[in-house]
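Accompanying notes for the structure given below.
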Amino acid sequence: MSIRQEDIESIVNEVLSKLGGSGEVIRAAAGAADGAGGDHGVFERLEDAVAAAQRAHKAIPTVAIREKVIRVIRRAARANARRLAEMAVEETGMGRIEDKIRKNMLVATRTPGPEVLTPAAISGDTGLTLIENAPWGVIASVTPSTNPAATVINNAISMISGGNAVVFAPHPSAKRTTQEAIRILNRALEEEAGVANLLVCVREPSIEVAQKLFTFPGINLLVVTGGEAVVEAARKVTDKRLIAAGAGNPPVVVDETADLARAAKSIYDGASFDNNIICADEKEIIAVDAIADQLKAEMKACGAVEITPDQAETLARAVLLDYPGPKRRPNPKWVGRDARELARAAGFDVPESCRLLLVDVGRDVDHVFARVEQMMPILPVLRANDFREALDWAMLLERGLSHTAGLHSRNIENMDAMARRMNTSLFVKNGPHVAGLGAGGEGWTSMTISTPTGEGVTNARSFVRLRRCTLVGSFRIV
Ligand code: NAD
(Lines give C-alpha, C1' and ligand atoms only; values in the text may rest on other atoms or scores of the structure.)
Protein backbone atom coordinates (compact mmCIF):
# COMPACT_ATOMS: atom_id res chain seq x y z
CA MET A 1 0.00 0.00 0.00
CA SER A 2 1.41 3.43 -0.87
CA ILE A 3 0.67 6.47 1.24
CA ARG A 4 0.47 9.88 -0.40
CA GLN A 5 2.67 12.74 0.86
CA GLU A 6 -0.42 14.85 1.70
CA ASP A 7 -1.79 12.00 3.80
CA ILE A 8 1.46 11.70 5.76
CA GLU A 9 1.47 15.47 6.36
CA SER A 10 -2.15 15.51 7.42
CA ILE A 11 -1.70 12.61 9.91
CA VAL A 12 1.48 14.14 11.29
CA ASN A 13 -0.12 17.57 11.60
CA GLU A 14 -3.12 16.13 13.40
CA VAL A 15 -0.86 14.39 15.91
CA LEU A 16 1.17 17.55 16.23
CA SER A 17 -1.81 19.80 16.78
CA LYS A 18 -2.82 17.52 19.66
CA LEU A 19 0.71 17.89 21.07
CA GLY A 20 0.71 21.66 20.48
CA GLY A 21 3.71 21.77 18.08
CA SER A 22 4.54 23.46 14.78
CA GLY A 23 3.00 22.21 11.53
CA GLU A 24 5.77 23.80 9.46
CA VAL A 25 8.45 21.83 11.28
CA ILE A 26 6.70 18.54 10.74
CA ARG A 27 5.93 19.27 7.08
CA ALA A 28 9.67 19.73 6.54
CA ALA A 29 10.39 16.55 8.45
CA ALA A 30 7.82 14.64 6.44
CA GLY A 31 9.72 15.66 3.32
CA ALA A 32 12.46 13.22 4.36
CA ALA A 33 10.13 10.30 3.84
CA ASP A 34 9.03 11.32 0.36
CA GLY A 35 10.63 9.99 -2.81
CA ALA A 36 12.06 13.35 -3.90
CA GLY A 37 13.09 13.90 -0.26
CA GLY A 38 16.48 12.33 -0.77
CA ASP A 39 18.58 10.30 1.57
CA HIS A 40 18.83 12.45 4.70
CA GLY A 41 19.77 15.47 2.62
CA VAL A 42 21.49 13.75 -0.31
CA PHE A 43 19.38 14.18 -3.48
CA GLU A 44 19.61 12.87 -7.02
CA ARG A 45 18.66 16.20 -8.61
CA LEU A 46 19.88 19.67 -7.75
CA GLU A 47 16.36 21.08 -8.30
CA ASP A 48 14.98 18.78 -5.57
CA ALA A 49 17.83 19.57 -3.20
CA VAL A 50 17.28 23.33 -3.53
CA ALA A 51 13.49 22.99 -3.21
CA ALA A 52 13.91 20.88 -0.04
CA ALA A 53 16.30 23.46 1.42
CA GLN A 54 13.81 26.22 0.66
CA ARG A 55 11.14 24.34 2.60
CA ALA A 56 13.55 23.58 5.44
CA HIS A 57 14.60 27.20 5.85
CA LYS A 58 10.96 28.09 6.53
CA ALA A 59 10.83 25.43 9.26
CA ILE A 60 13.22 27.30 11.58
CA PRO A 61 11.50 30.68 12.04
CA THR A 62 12.14 31.16 15.75
CA VAL A 63 15.26 31.64 17.83
CA ALA A 64 14.15 28.80 20.11
CA ILE A 65 14.03 26.33 17.19
CA ARG A 66 17.41 27.48 15.89
CA GLU A 67 18.96 27.11 19.34
CA LYS A 68 17.62 23.58 19.56
CA VAL A 69 18.87 22.75 16.06
CA ILE A 70 22.36 24.02 16.91
CA ARG A 71 22.46 21.99 20.14
CA VAL A 72 21.59 18.87 18.15
CA ILE A 73 24.26 19.61 15.51
CA ARG A 74 26.95 20.14 18.16
CA ARG A 75 26.06 16.89 19.90
CA ALA A 76 25.93 14.82 16.71
CA ALA A 77 29.15 16.36 15.39
CA ARG A 78 31.03 15.62 18.63
CA ALA A 79 29.68 12.07 18.77
CA ASN A 80 30.89 11.44 15.20
CA ALA A 81 34.12 13.45 15.28
CA ARG A 82 36.35 10.37 15.14
CA ARG A 83 34.35 8.54 12.49
CA LEU A 84 34.31 11.57 10.19
CA ALA A 85 38.03 12.16 10.78
CA GLU A 86 38.84 8.57 9.87
CA MET A 87 36.65 8.73 6.77
CA ALA A 88 38.27 11.97 5.60
CA VAL A 89 41.80 10.60 5.90
CA GLU A 90 40.79 7.33 4.28
CA GLU A 91 39.00 9.02 1.37
CA THR A 92 41.29 11.96 0.63
CA GLY A 93 44.60 10.63 1.95
CA MET A 94 45.15 14.07 3.50
CA GLY A 95 45.93 14.98 7.07
CA ARG A 96 46.13 13.12 10.37
CA ILE A 97 43.24 11.39 12.10
CA GLU A 98 43.99 12.73 15.60
CA ASP A 99 44.32 16.30 14.28
CA LYS A 100 41.11 16.00 12.30
CA ILE A 101 39.29 14.80 15.42
CA ARG A 102 40.54 17.92 17.21
CA LYS A 103 39.42 20.04 14.28
CA ASN A 104 35.93 18.48 14.24
CA MET A 105 35.61 18.91 18.01
CA LEU A 106 36.86 22.48 17.78
CA VAL A 107 34.30 23.56 15.17
CA ALA A 108 31.50 21.64 16.92
CA THR A 109 32.28 23.42 20.18
CA ARG A 110 33.63 26.86 19.31
CA THR A 111 31.61 27.94 16.29
CA PRO A 112 29.19 30.50 17.73
CA GLY A 113 25.44 29.92 17.54
CA PRO A 114 22.43 32.27 17.35
CA GLU A 115 23.53 34.07 20.54
CA VAL A 116 25.91 36.27 18.51
CA LEU A 117 23.03 37.74 16.53
CA THR A 118 22.03 40.65 18.69
CA PRO A 119 19.79 43.31 17.16
CA ALA A 120 20.82 46.97 17.32
CA ALA A 121 18.58 49.86 18.34
CA ILE A 122 18.99 53.57 17.72
CA SER A 123 16.88 55.78 19.91
CA GLY A 124 16.73 59.57 19.53
CA ASP A 125 14.53 62.65 19.46
CA THR A 126 12.85 61.51 16.25
CA GLY A 127 11.95 58.01 17.42
CA LEU A 128 13.30 54.49 17.36
CA THR A 129 15.09 52.44 14.71
CA LEU A 130 15.65 48.73 15.04
CA ILE A 131 18.25 46.81 13.04
CA GLU A 132 17.56 43.09 12.87
CA ASN A 133 19.50 40.08 11.55
CA ALA A 134 17.36 38.42 8.89
CA PRO A 135 18.11 35.14 7.11
CA TRP A 136 19.14 35.09 3.47
CA GLY A 137 17.10 31.92 2.95
CA VAL A 138 19.08 29.29 1.10
CA ILE A 139 22.88 29.53 0.97
CA ALA A 140 25.06 27.60 -1.48
CA SER A 141 28.32 26.52 0.14
CA VAL A 142 31.15 25.18 -2.03
CA THR A 143 33.46 23.16 0.22
CA PRO A 144 37.11 22.05 -0.01
CA SER A 145 38.68 18.61 0.04
CA THR A 146 41.06 19.66 2.80
CA ASN A 147 38.50 20.07 5.64
CA PRO A 148 35.46 18.19 4.36
CA ALA A 149 33.64 17.31 7.58
CA ALA A 150 34.88 20.28 9.61
CA THR A 151 33.62 22.74 6.96
CA VAL A 152 30.16 21.12 6.90
CA ILE A 153 29.88 21.23 10.71
CA ASN A 154 31.23 24.76 10.93
CA ASN A 155 29.16 26.25 8.11
CA ALA A 156 26.06 24.36 9.26
CA ILE A 157 26.28 25.97 12.70
CA SER A 158 27.07 29.47 11.40
CA MET A 159 24.55 29.48 8.56
CA ILE A 160 21.63 27.79 10.34
CA SER A 161 22.12 30.08 13.34
CA GLY A 162 21.30 32.89 10.93
CA GLY A 163 18.06 31.11 9.97
CA ASN A 164 19.30 29.73 6.65
CA ALA A 165 19.33 26.29 5.02
CA VAL A 166 22.42 25.20 3.09
CA VAL A 167 22.99 23.51 -0.28
CA PHE A 168 26.53 22.13 -0.20
CA ALA A 169 28.71 21.57 -3.26
CA PRO A 170 31.25 19.06 -1.96
CA HIS A 171 34.67 18.55 -3.52
CA PRO A 172 34.27 15.40 -5.66
CA SER A 173 37.34 13.82 -4.08
CA ALA A 174 35.85 14.28 -0.59
CA LYS A 175 32.29 13.41 -1.56
CA ARG A 176 31.74 10.42 0.74
CA THR A 177 32.93 12.23 3.86
CA THR A 178 31.06 15.43 3.06
CA GLN A 179 27.84 13.54 2.33
CA GLU A 180 28.22 11.43 5.45
CA ALA A 181 28.63 14.58 7.57
CA ILE A 182 25.44 15.97 5.97
CA ARG A 183 23.54 12.71 6.56
CA ILE A 184 24.68 12.40 10.18
CA LEU A 185 23.58 15.92 11.04
CA ASN A 186 20.26 15.60 9.17
CA ARG A 187 19.44 12.29 10.80
CA ALA A 188 20.03 13.78 14.24
CA LEU A 189 17.94 16.83 13.32
CA GLU A 190 15.07 14.71 12.03
CA GLU A 191 15.04 12.58 15.17
CA GLU A 192 15.73 15.19 17.83
CA ALA A 193 14.39 18.44 16.37
CA GLY A 194 11.81 17.29 13.83
CA VAL A 195 13.47 19.18 10.97
CA ALA A 196 14.66 17.69 7.68
CA ASN A 197 16.89 18.90 4.86
CA LEU A 198 18.43 21.97 6.46
CA LEU A 199 21.64 20.67 4.88
CA VAL A 200 21.47 19.19 1.39
CA CYS A 201 23.64 18.23 -1.58
CA VAL A 202 23.45 16.10 -4.71
CA ARG A 203 24.58 12.50 -4.88
CA GLU A 204 27.13 13.11 -7.66
CA PRO A 205 28.95 16.37 -6.92
CA SER A 206 31.14 17.85 -9.66
CA ILE A 207 32.69 21.13 -10.73
CA GLU A 208 29.72 21.52 -13.11
CA VAL A 209 27.21 21.21 -10.26
CA ALA A 210 29.17 23.78 -8.24
CA GLN A 211 29.13 26.11 -11.26
CA LYS A 212 25.38 25.61 -11.69
CA LEU A 213 24.91 26.81 -8.12
CA PHE A 214 26.76 30.06 -8.91
CA THR A 215 23.66 31.19 -10.82
CA PHE A 216 20.97 28.75 -9.67
CA PRO A 217 17.50 30.21 -8.97
CA GLY A 218 16.49 30.02 -5.31
CA ILE A 219 20.05 30.47 -3.99
CA ASN A 220 20.26 33.77 -2.16
CA LEU A 221 23.90 33.84 -1.07
CA LEU A 222 26.97 32.07 -2.45
CA VAL A 223 29.82 31.04 -0.14
CA VAL A 224 32.94 29.59 -1.75
CA THR A 225 35.68 27.98 0.35
CA GLY A 226 38.60 26.88 -1.82
CA GLY A 227 41.57 27.89 -3.93
CA GLU A 228 42.13 30.86 -6.24
CA ALA A 229 40.59 29.16 -9.31
CA VAL A 230 37.17 28.53 -7.80
CA VAL A 231 36.99 32.00 -6.25
CA GLU A 232 37.84 33.52 -9.64
CA ALA A 233 35.32 31.28 -11.43
CA ALA A 234 32.55 32.29 -9.03
CA ARG A 235 33.41 35.98 -9.19
CA LYS A 236 33.21 35.99 -12.98
CA VAL A 237 29.72 34.60 -13.35
CA THR A 238 27.67 34.97 -10.20
CA ASP A 239 24.89 37.49 -9.94
CA LYS A 240 24.53 36.72 -6.23
CA ARG A 241 26.19 38.17 -3.17
CA LEU A 242 29.46 36.26 -2.78
CA ILE A 243 31.45 35.45 0.35
CA ALA A 244 34.78 33.99 -0.77
CA ALA A 245 37.19 32.16 1.53
CA GLY A 246 40.23 31.79 -0.68
CA ALA A 247 43.80 30.55 -0.72
CA GLY A 248 46.65 31.81 1.45
CA ASN A 249 50.43 31.45 1.63
CA PRO A 250 51.03 32.59 5.21
CA PRO A 251 54.55 33.70 6.13
CA VAL A 252 55.79 33.61 9.72
CA VAL A 253 58.57 36.01 10.67
CA VAL A 254 60.92 35.37 13.61
CA ASP A 255 63.03 38.33 14.72
CA GLU A 256 66.06 38.50 16.98
CA THR A 257 64.00 39.47 20.06
CA ALA A 258 61.76 36.37 19.93
CA ASP A 259 61.62 33.67 22.59
CA LEU A 260 63.12 31.11 20.22
CA ALA A 261 62.11 27.95 22.08
CA ARG A 262 58.52 29.15 22.15
CA ALA A 263 58.62 30.29 18.51
CA ALA A 264 60.04 26.94 17.41
CA LYS A 265 57.40 24.94 19.28
CA SER A 266 54.58 27.17 17.97
CA ILE A 267 55.73 26.85 14.38
CA TYR A 268 56.39 23.10 14.68
CA ASP A 269 52.96 22.43 16.20
CA GLY A 270 51.10 24.88 13.95
CA ALA A 271 52.70 24.06 10.60
CA SER A 272 52.44 20.32 11.14
CA PHE A 273 48.83 20.40 12.36
CA ASP A 274 46.83 18.15 10.02
CA ASN A 275 49.94 18.06 7.83
CA ASN A 276 49.70 21.75 6.94
CA ILE A 277 46.40 21.65 5.01
CA ILE A 278 44.69 24.46 6.90
CA CYS A 279 44.77 27.60 4.76
CA ALA A 280 46.00 29.71 7.71
CA ASP A 281 48.88 27.38 8.68
CA GLU A 282 52.48 28.67 8.51
CA LYS A 283 53.74 28.00 4.98
CA GLU A 284 57.22 29.61 5.10
CA ILE A 285 59.54 30.79 7.88
CA ILE A 286 61.41 34.06 7.48
CA ALA A 287 64.03 34.28 10.22
CA VAL A 288 66.40 37.14 10.90
CA ASP A 289 69.81 35.68 9.98
CA ALA A 290 71.34 36.28 13.43
CA ILE A 291 68.94 33.79 15.09
CA ALA A 292 68.18 31.44 12.17
CA ASP A 293 70.60 28.69 13.28
CA GLN A 294 69.31 28.72 16.83
CA LEU A 295 65.69 28.66 15.63
CA LYS A 296 66.42 25.65 13.43
CA ALA A 297 68.13 23.89 16.35
CA GLU A 298 65.09 24.51 18.57
CA MET A 299 62.76 23.21 15.84
CA LYS A 300 64.87 20.09 15.46
CA ALA A 301 64.62 19.59 19.22
CA CYS A 302 60.83 19.57 18.74
CA GLY A 303 61.13 16.81 16.12
CA ALA A 304 61.61 18.62 12.80
CA VAL A 305 64.11 17.15 10.36
CA GLU A 306 66.26 19.44 8.21
CA ILE A 307 66.72 18.25 4.64
CA THR A 308 69.30 19.50 2.16
CA PRO A 309 68.45 21.81 -0.76
CA ASP A 310 69.18 18.90 -3.10
CA GLN A 311 66.73 16.66 -1.26
CA ALA A 312 64.17 19.51 -1.38
CA GLU A 313 64.67 19.75 -5.14
CA THR A 314 64.05 16.00 -5.56
CA LEU A 315 61.01 16.33 -3.31
CA ALA A 316 59.63 19.24 -5.36
CA ARG A 317 59.95 17.15 -8.54
CA ALA A 318 58.12 14.27 -6.83
CA VAL A 319 55.21 16.11 -5.20
CA LEU A 320 54.49 19.11 -7.46
CA LEU A 321 52.84 19.11 -10.87
CA ASP A 322 54.42 20.99 -13.82
CA TYR A 323 57.61 21.61 -11.85
CA PRO A 324 59.78 23.36 -12.81
CA GLY A 325 57.53 25.67 -14.79
CA PRO A 326 55.32 28.72 -14.38
CA LYS A 327 52.23 26.58 -13.61
CA ARG A 328 53.91 24.50 -10.87
CA ARG A 329 51.39 23.52 -8.23
CA PRO A 330 50.90 20.86 -5.54
CA ASN A 331 49.93 17.43 -6.78
CA PRO A 332 46.67 16.64 -4.90
CA LYS A 333 48.01 13.11 -4.42
CA TRP A 334 50.70 14.49 -2.10
CA VAL A 335 48.79 17.30 -0.37
CA GLY A 336 48.47 16.72 3.38
CA ARG A 337 50.65 13.60 3.46
CA ASP A 338 52.85 12.73 6.46
CA ALA A 339 56.42 14.08 6.45
CA ARG A 340 57.71 10.54 6.30
CA GLU A 341 55.72 9.74 3.14
CA LEU A 342 57.07 12.90 1.50
CA ALA A 343 60.62 11.95 2.45
CA ARG A 344 60.18 8.48 1.00
CA ALA A 345 58.76 9.96 -2.22
CA ALA A 346 62.07 11.79 -2.57
CA GLY A 347 64.15 8.71 -1.76
CA PHE A 348 65.19 9.27 1.85
CA ASP A 349 63.77 8.40 5.25
CA VAL A 350 62.94 10.25 8.47
CA PRO A 351 61.75 8.90 11.83
CA GLU A 352 58.03 8.12 12.03
CA SER A 353 57.74 10.66 14.86
CA CYS A 354 58.84 13.50 12.54
CA ARG A 355 55.88 15.77 11.72
CA LEU A 356 57.72 18.49 9.78
CA LEU A 357 60.57 18.83 7.28
CA LEU A 358 62.67 21.99 7.04
CA VAL A 359 64.92 23.21 4.27
CA ASP A 360 67.28 26.17 4.70
CA VAL A 361 66.96 28.13 1.44
CA GLY A 362 69.11 31.07 2.56
CA ARG A 363 68.13 34.24 0.68
CA ASP A 364 66.28 32.45 -2.13
CA VAL A 365 62.85 34.13 -1.94
CA ASP A 366 61.99 32.50 -5.24
CA HIS A 367 62.35 29.01 -3.82
CA VAL A 368 59.38 26.94 -4.96
CA PHE A 369 58.36 25.94 -1.42
CA ALA A 370 58.28 29.62 -0.47
CA ARG A 371 56.23 30.71 -3.48
CA VAL A 372 53.73 27.83 -3.81
CA GLU A 373 50.95 27.18 -1.29
CA GLN A 374 52.25 23.63 -0.82
CA MET A 375 49.86 22.37 1.93
CA MET A 376 52.43 19.73 2.91
CA PRO A 377 54.61 19.47 6.05
CA ILE A 378 57.72 20.87 4.34
CA LEU A 379 58.69 24.43 5.28
CA PRO A 380 61.45 26.57 3.82
CA VAL A 381 63.53 28.71 6.21
CA LEU A 382 64.59 32.03 4.66
CA ARG A 383 67.34 34.18 6.17
CA ALA A 384 66.72 37.94 6.11
CA ASN A 385 69.33 40.50 7.12
CA ASP A 386 66.97 42.23 9.54
CA PHE A 387 63.31 42.65 10.44
CA ARG A 388 62.72 45.25 7.68
CA GLU A 389 63.88 42.83 5.02
CA ALA A 390 61.91 39.98 6.62
CA LEU A 391 58.78 42.11 6.41
CA ASP A 392 59.44 42.96 2.74
CA TRP A 393 59.77 39.26 1.98
CA ALA A 394 56.63 38.41 3.95
CA MET A 395 54.70 40.93 1.83
CA LEU A 396 56.13 39.44 -1.34
CA LEU A 397 55.31 35.84 -0.43
CA GLU A 398 51.83 36.55 0.91
CA ARG A 399 51.30 38.21 -2.48
CA GLY A 400 48.28 40.30 -1.57
CA LEU A 401 46.03 37.35 -0.72
CA SER A 402 45.17 39.23 2.52
CA HIS A 403 44.89 35.90 4.34
CA THR A 404 47.20 35.23 7.31
CA ALA A 405 50.63 36.21 8.61
CA GLY A 406 52.50 35.58 11.85
CA LEU A 407 55.31 37.08 13.90
CA HIS A 408 57.42 35.89 16.83
CA SER A 409 58.89 38.92 18.55
CA ARG A 410 59.08 40.86 21.79
CA ASN A 411 59.50 44.15 19.95
CA ILE A 412 56.25 46.12 20.01
CA GLU A 413 57.30 48.37 17.15
CA ASN A 414 57.92 45.34 14.94
CA MET A 415 54.55 43.88 15.92
CA ASP A 416 52.84 47.14 15.08
CA ALA A 417 54.69 47.61 11.77
CA MET A 418 53.95 44.10 10.55
CA ALA A 419 50.28 44.11 11.63
CA ARG A 420 49.66 47.34 9.73
CA ARG A 421 51.62 46.55 6.60
CA MET A 422 50.51 42.95 6.04
CA ASN A 423 46.84 43.97 6.13
CA THR A 424 45.81 40.29 6.40
CA SER A 425 42.51 38.92 7.75
CA LEU A 426 44.48 37.08 10.46
CA PHE A 427 47.69 38.25 12.14
CA VAL A 428 49.01 36.00 14.91
CA LYS A 429 51.78 36.97 17.34
CA ASN A 430 53.83 34.58 19.47
CA GLY A 431 51.65 31.53 18.87
CA PRO A 432 50.77 29.00 16.18
CA HIS A 433 48.59 30.42 13.41
CA VAL A 434 45.74 28.09 14.40
CA ALA A 435 45.55 30.13 17.63
CA GLY A 436 43.99 32.81 15.41
CA LEU A 437 41.21 30.30 14.70
CA GLY A 438 40.44 29.81 18.38
CA ALA A 439 42.73 26.76 18.86
CA GLY A 440 44.85 28.00 21.76
CA GLY A 441 44.00 31.69 21.24
CA GLU A 442 41.01 33.86 22.12
CA GLY A 443 38.10 34.12 19.71
CA TRP A 444 35.70 31.87 17.89
CA THR A 445 36.49 29.22 15.32
CA SER A 446 35.78 29.02 11.63
CA MET A 447 36.97 26.92 8.69
CA THR A 448 35.64 29.60 6.33
CA ILE A 449 37.97 32.58 6.56
CA SER A 450 36.71 35.06 4.09
CA THR A 451 39.74 36.86 2.73
CA PRO A 452 39.12 38.38 -0.73
CA THR A 453 35.61 39.55 0.12
CA GLY A 454 36.55 40.70 3.62
CA GLU A 455 34.20 39.05 6.14
CA GLY A 456 37.25 37.56 7.92
CA VAL A 457 36.77 34.68 10.35
CA THR A 458 33.10 34.02 9.60
CA ASN A 459 30.31 33.26 12.05
CA ALA A 460 26.51 33.60 12.07
CA ARG A 461 26.85 37.39 11.72
CA SER A 462 28.44 36.89 8.30
CA PHE A 463 25.38 35.04 6.99
CA VAL A 464 22.50 37.41 7.76
CA ARG A 465 20.89 40.34 5.99
CA LEU A 466 20.68 43.48 8.06
CA ARG A 467 17.16 44.92 7.98
CA ARG A 468 16.16 48.25 9.45
CA CYS A 469 12.74 49.19 10.80
CA THR A 470 12.12 52.83 11.73
CA LEU A 471 9.32 54.20 13.86
CA VAL A 472 9.06 57.98 13.73
CA GLY A 473 8.21 60.07 16.77
CA SER A 474 7.41 57.50 19.45
CA PHE A 475 8.41 54.49 21.52
CA ARG A 476 11.25 56.16 23.40
CA ILE A 477 11.19 55.50 27.11
CA VAL A 478 13.40 58.46 28.11
P1 NAD B 1 39.82 23.57 -4.64
O2 NAD B 1 39.83 25.00 -5.02
O3 NAD B 1 40.42 22.58 -5.54
O4 NAD B 1 38.29 23.10 -4.42
C5 NAD B 1 37.41 23.80 -3.59
C6 NAD B 1 35.98 23.60 -4.09
O7 NAD B 1 35.80 24.31 -5.30
C8 NAD B 1 35.62 22.15 -4.41
O9 NAD B 1 34.29 21.90 -4.03
C10 NAD B 1 35.77 22.05 -5.91
O11 NAD B 1 34.95 21.06 -6.47
C12 NAD B 1 35.32 23.45 -6.33
N13 NAD B 1 35.93 23.95 -7.58
C14 NAD B 1 37.24 23.94 -7.91
N15 NAD B 1 37.42 24.57 -9.09
C16 NAD B 1 36.20 24.99 -9.51
C17 NAD B 1 35.72 25.71 -10.65
N18 NAD B 1 36.53 26.11 -11.62
N19 NAD B 1 34.39 25.96 -10.72
C20 NAD B 1 33.54 25.56 -9.75
N21 NAD B 1 33.95 24.89 -8.65
C22 NAD B 1 35.25 24.59 -8.54
O23 NAD B 1 40.46 23.52 -3.20
P24 NAD B 1 40.87 22.28 -2.28
O25 NAD B 1 42.11 21.69 -2.79
O26 NAD B 1 39.72 21.43 -2.03
O27 NAD B 1 41.19 23.10 -0.95
C28 NAD B 1 42.39 23.78 -0.76
C29 NAD B 1 42.34 25.23 -1.13
O30 NAD B 1 41.27 25.88 -0.47
C31 NAD B 1 43.60 25.96 -0.69
O32 NAD B 1 43.93 26.93 -1.63
C33 NAD B 1 43.19 26.58 0.63
O34 NAD B 1 43.95 27.70 1.00
C35 NAD B 1 41.76 26.94 0.35
N36 NAD B 1 40.97 27.01 1.57
C37 NAD B 1 40.64 28.23 2.06
C38 NAD B 1 39.92 28.31 3.23
C39 NAD B 1 39.56 29.64 3.82
O40 NAD B 1 38.83 29.64 4.80
N41 NAD B 1 40.03 30.74 3.31
C42 NAD B 1 39.52 27.15 3.90
C43 NAD B 1 39.87 25.92 3.36
C44 NAD B 1 40.58 25.85 2.19
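Position 1 is the first residue of the sequence; numbering continues from there. First listed ligand is number 1; within each ligand, the first listed atom is number 1.
Atom numbering of ligand 1 starts at 1 in the shown order; those under 4.0 Å from a heavy atom of Pro170 are 9 (O). The ligand atoms of ligand 1 that sit less than 4.0 angstrom from a heavy atom of Met447 are 40 (O), 42 (C). For ligand 1, the atoms closer than 4.0 angstrom to any heavy atom of Val142 are 6 (C), 7 (O), 9 (O), 12 (C). Close contacts between ligand 1 and Pro172 involve ligand atoms 11 (O) [criterion: under 4.0 Å to a heavy atom]. Here is the list of ligand 1 atoms found below 4.0 Å of a heavy atom in Ala169: 9 (O). Of all atoms in ligand 1, numbered sequentially from 1 with element shown, those under 4.0 Å from a heavy atom of Asn147 are 43 (C). Interface of Thr146 with ligand 1, defined as ligand atoms under 4.0 Å from a residue heavy atom, comprises 27 (O), 28 (C), 44 (C). The atoms of ligand 1 that sit less than 4.0 Å from any heavy atom of Ala245 are 37 (C), 38 (C), 39 (C), 40 (O), 41 (N).
Of all the heavy atoms in Leu117 and Ser161, the pair that sits closest is CD1-O, 3.4 Å.
Annotation: Arg78, atom CZ; neighbour count of heavy atoms from other residues, nucleotides and ligands within 6.0 Å is above 12. Heavy-atom contacts from other residues, nucleotides or ligands closer than 6.0 Å to NZ of Lys300 number more than 12.
For atom 38 (C) of ligand 1, the closest non-hydrogen atom on the protein side is Cys279 SG, 3.2 Å. From the protein, the heavy atom lying nearest to atom 10 (C) of ligand 1 is His171 CD2, 3.7 Å. Protein heavy atom in closest approach to atom 15 (N) of ligand 1: Ile207 CD1, 3.5 Å. Shortest contact from atom 22 (C) of ligand 1 to any protein heavy atom: Val230 CG2, 3.3 Å. For atom 23 (O) of ligand 1, the nearest protein heavy atom (residue, atom name, distance) is Gly227 N, 3.7 Å. Residue, atom and distance of the protein heavy atom nearest to atom 37 (C) of ligand 1 are Gly246 O, 3.2 Å. Of the protein's heavy atoms, Ser145 OG, 3.5 Å lies nearest to atom 25 (O) of ligand 1.
Screening Asn275, Leu84, Ile277, Thr177 for a side chain to side chain contact (heavy atoms under 4.5 Å, CB included) with Lys100, the sole residue that qualifies is Ile277.
Between the choices Lys175, Met375, Gln211, the shortest heavy-atom distance to atom 20 (C) of ligand 1 belongs to Gln211. The closest non-hydrogen atom to atom 40 (O) of ligand 1, taken over Ile449, Thr404, Thr151, Thr143, comes from Ile449. Of the listed options Thr225, Ile277, Thr448, Leu401, Thr225 places a heavy atom closest to atom 5 (C) of ligand 1. When the heavy-atom distances from atom 31 (C) of ligand 1 to Glu232, Glu373, Met94 are ranked, the shortest goes to Glu373.
Ionic pairing of Asp416 and Arg420 is present here: one or more N-O contacts between side-chain nitrogen and carboxylate oxygen are shorter than 4.0 angstrom. Using a 4.0 Å cut-off between a side-chain N of Lys or Arg and a carboxylate O of Asp or Glu, Arg355 and Glu98 do not qualify as a salt bridge. A salt bridge is defined here as a Lys NZ or Arg NE, NH1 or NH2 lying under 4.0 Å from an Asp or Glu carboxylate O, and Lys175 with Glu91 fails to meet this definition. Ion pairing between a basic and an acidic side chain is recognised when a charged N comes within 4.0 Å of a carboxylate O; Arg399 and Glu228 show such pairing.
Within the structure, ligand 1 lacks Ala174 among the residues with a heavy atom less than 4.0 angstrom away. By the 4.0 Å heavy-atom criterion, Glu228 is excluded from the residues contacting ligand 1.
Under the 4.5 Å side-chain criterion, counting only non-hydrogen atoms from C-beta, Asp360 is in contact with Glu306. Side-chain contact between Arg183 and Glu180 is present, with at least one heavy-atom pair separated by less than 4.5 Å. The shortest distance between side-chain heavy atoms of Lys429 and Met418 does not fall below 4.5 Å. Looking at heavy atoms from C-beta onward, Phe427 lies in side-chain contact with Leu407 at the 4.5 angstrom threshold.
Defined by atom type and a distance below 3.5 Å, a donor-acceptor pair is missing between the side-chain atoms of Ser206 and Glu204.
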